[in-house]
Amino acid sequence: MDFRDTPEGAEYRKKARAFLEQHAQLEPPDSGRGYRDGNDDPAALERAREWQRIKADAGYAGITWPREYAGQGGTTLEQIIYEQEEAQFDIPRGNFFYIGLGWAMPTLFQWSNKEEILKHAGKVLRGDEIWCQLFSEPAGGSDLAALRTKAVRDGDDWIINGQKIWTSGGQYSDFGILVARNDTTQAKHKGLTCFILDMKSPGVEVRPIRQMSGDSHFNEVFFDNVRIPDSRRLGEVGDGWKVAMTTLMNERYNLVELVPPDFEQIFHLAQNTVLESGPALDDPAIREKLADLYCRAQGMTYTNFRTMSALSQGKTPGPEVSIGKLVNSGRLQESADLGSDLFEQSGMLMEEDMPMRALFQRAYLYSPGWRLGGGTDEILRNTIAERVLGLPQDVRLDKGVAFKDIPTGPTGN
Amino acid sequence: MNFDFPDEVKAMQIQADDYLTQTNARAAARHVIEGAPSAARRDWAEMAQMGWTGLIIPEHLGGNDIGYIAQCALAYELGRHVSPAPMASSIYLVAEALVRYGSDAQKQKWLPALAEGRISACFAEAEGLSQGRGDLCAAQVANGVLSGVKKPVPDGMDAELALVVAQEDGETGLYLVELQASGVTRQVVQTIEGIREHAAITFDKAEVDLLVRGQTALTDIKQRAAVCIAFEQVGGAQACLDMAVAFAKERFAFGRAIGSFQAIKHKLADMFVAIELARSNAYFAAWALSTDARELPVAAATARLSAGKAYWLAAKENVQTHGGLGFTWELDCHLYYRRHKALKLLLGGNRVWENRLIDGLKSGLVEL
């Protein structure tokens with residue numbers, strides 16, 4: 001057993017590290033690092049775009065993309081190594097581009113044509129084009145296939161009417177991947193089709209949603225007779241579920257990222273906070289909670305090592321990859337809770353002079369979203385139970401029923 | 001990076017699983033609790049022949065010295081099959097202490113006998129209710145003889161050798177005591193576990209052989225054993241999850257398999273998550289143990305806390321998933337529920353290890 005990178009991995013890490021050292025500063029744990037500036041801030045977008053260009057020029061954008069699409073043709077392992085290194089530096093963290101880079105383009109690689117892909121790939125790599133995912137609807141979140149946005153064929157076009165919700169970054173997106181219902185007489189998973197939507201099309205209206213944290217990362221998107229040419233359809237008519245799932249699988253994999261506060265930050269806080277009984281770190285009740293958070297944090301670190309071991313040997317990682325988001329979002333919320341509790345009544349304060357720029361207080365308000373987005377805790381548990389443990393599906397009242405006949409409320413349709 | 005058992009260790013693990021299945025280790029555990037304590041050592045000689053008792057013992061002392069990673073893999077299987085064999089007492093604790101601290105004469109005298117399965121050994125630390133008071137212990141050594149009472153001592157009834165924690169001139173020490181010598185009397189005590197026989201051992205001026213002095217050595221031995229025991233815990237937890245999943249697929253209620261209910265699914269998914277975290281932490285601790293890494297104190301505590309948490313969840317929710325059946329003597333759910341408690345308390349409970357973990361982090365033993 002060992003934790004060393006393979007010689008190629010070590011070489012890659014060294015180069016990535018040198019690149020980062022040349023362009024950014026290491027960030028100390030007490031800086032509140034990793035805190036995301038509000039995504040509705042245009043200045044944050046500009047800073048993030050500038051950093052994205054530097055990365056793209058140096059070959060650290062689209063690391064796993066195929067070379068024919070302006071990517072680096074690298075491995076998932078290289079992507080992970082780069083992210084591990086980047087996480088330690090003070091860089092603009094806006095998260096404006098991850099949908100395009102990690103989800104949308106990989107979906108196009110599989111379902112679109114070379115001409116279309118080349119129109120976008122270079123711009124996405126440099127942060128000049130932003131993508132969103134138009135999936136969830138008021139009637140379809142965890143039950144995504146309950147979506148009702150309609151796509152009706154009209155000559156060479158499709159006409160779209162309906163509404164999406166929880167669209168990350170919709171307010172500044174240039175394009176989106178849309179899944180809509182083309183046939184309500186089919187069973188719910190069958191009558192769906194996917195499209196590339198130009199967000200500047202007439203009839204598209206984006207309204208930001210104010211989240212409980214006060215930020216507006218998500219949006220509602222309304223479609224009023226929006227036209228999409230059939231040439232921008234992804235996959236066959238009626239294959240929308242299959243296409244949507246490729247994107248979702250990418251999403252699950254990519255969401256296993258670390259959102260602050262991490263363990264080092266909560267530990268640092270406990271070490272530097274004095275309670276009436278002495279240092280918070282020496283209080284037995286705090287110790288118990290910290291020990292538990294540490295066990296979960298390390299458990300994830302070493303679980304990622306297991307994944308990296310499999311990848312570095314050219315094997316498919318085992319079912320342990322499915323636990324990441326569930327574990328990380330839970331400990332994120334608990335760290336935020338503990339970090340604000342340490343200050344008793346003053347733990348309420350969200351002033352900038354609070355430790356780590358009030359990271360723990362902010363995290364208290366943004367952490368609930370991480371237990372919901374990209375598969376709720378409950379959906380992820382179902383997935384583990386069914387896909388990993390092989391337990392039977394729940395009884396379904398919507399299976400094999402024409403979509404139009406599926407009940408949608410206590411009084412029927 | 002290779003964060004996985006090497007192939008030859010995996011092969012040994014498969015062999016161990018086969019052997020424990022064929023010899024029905026779980027049934028042996030049941031024999032012990034149903035009044036046939038000799039079942040615990042039924043397969044001891046055979047296990048020794050397969051090399052299981054000699055993994056950390058040098059070749060010139062009768063062992064095979066294959067190493068700690070293999071011992072951890074074996075521990076996982078023993079835990080999964082809830083084997084009653086006295087491996088933790090004899091090897092993870094006593095052989096370990098001899099290998100690390102024994103004089104040549106002490107090693108020559110005991111290690112070949114342990115490696116060859118001719119004897120078993122026990123670790124005697126607890127003293128009834130006074131155990132709750134940390135490192136204080138009443139057992140005293142003076143002029144080369146020991147007096148005091150140790151209980152409960154797992155595997156203590158059958159063992160030939162004891163490693164006893166006692167005080168001498170106000171200092172903690174570890175002493176080797178031959179249990180068939182004069183001045184030693186043993187009595188069976190009832191415990192929650194029952195699938196390993198526990199003893200109360202009374203020493204009345206029994207002759208001792210000093211192994212090592214000092215609290216540091218005691219802590220060292222316990223944290224090294226804790227890594228192997230963490231693998232037994234993860235193995236036990238995995239067995240509970242496997243039992244619960246199998247039952248949830250075949251048991252029908254309200255016209256459907258109970259595994260199709262989310263209340264059951266989510267319980268079992270949580271067990272899976274806890275086990276995978278514990279497994280990953282145990283792997284890291286195995287690496288730290290096998291390389292004598294400076295991270296070992298933190299790694300061992302992390303592995304132990306994580307494995308104990310997973311086993312607790314899995315053991316109690318396995319009973320719960322089985323419903324009334326899970327509460328019967330007839331089903332094996334209780335064997336794991338019992339074993340969980342034994343493994344959690346042997347070497348000290350969570351409080352002890354939480355402190356050790358946080359103290360280790362405070363003193364910068366690992367990079368955060």
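So that the names make sense, note that chain A is the first sequence line, chain B the second, and so on, each numbered from 1.
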Interface moiety of [X] toward chain B, non-hydrogen atoms closer than 4.5 Å:
X	value
Val388(A)	side chain
Ser322(A)	side chain
Leu326(A)	side chain
Ser312(A)	side chain
Phe305(A)	both

Arg396(A) atom CZ, neighbour heavy-atom count above 12 within 6.0 Å: yes
Neighbour count >12 (heavy atoms, 6.0 Å) for atom OH, Tyr337(B): no
Residue that, paired with Tyr82(A), satisfies side chain to side chain donor-acceptor pair (under 3.5 Å) out of Glu86(A), Glu78(A), Glu85(A): Glu86(A)
Phe261(B) six-ring centre to Arg256(B) NZ/CZ under 6.0 Å and within 45° of normal: yes
Toward chain A, the part of Ile69(B) with a non-hydrogen atom under 4.5 Å: side chain
Among Thr302(B), Val9(B), Leu305(B), Asn350(B), residue most engaged with chain A (heavy-atom pairs, under 4.5 Å): Thr302(B)
Leading residue by heavy atom contact count with chain A [cutoff under 4.5 Å; candidates Ser260(B), Ala269(B), Gly259(B), Ala282(B)]: Ser260(B)
Presence of salt bridge, Arg351(B) and Glu354(B), under 4.0 angstrom: no
Salt-bridge contact Arg287(A)-Asp283(A) (side-chain N to carboxylate O under 4.0 Å): no
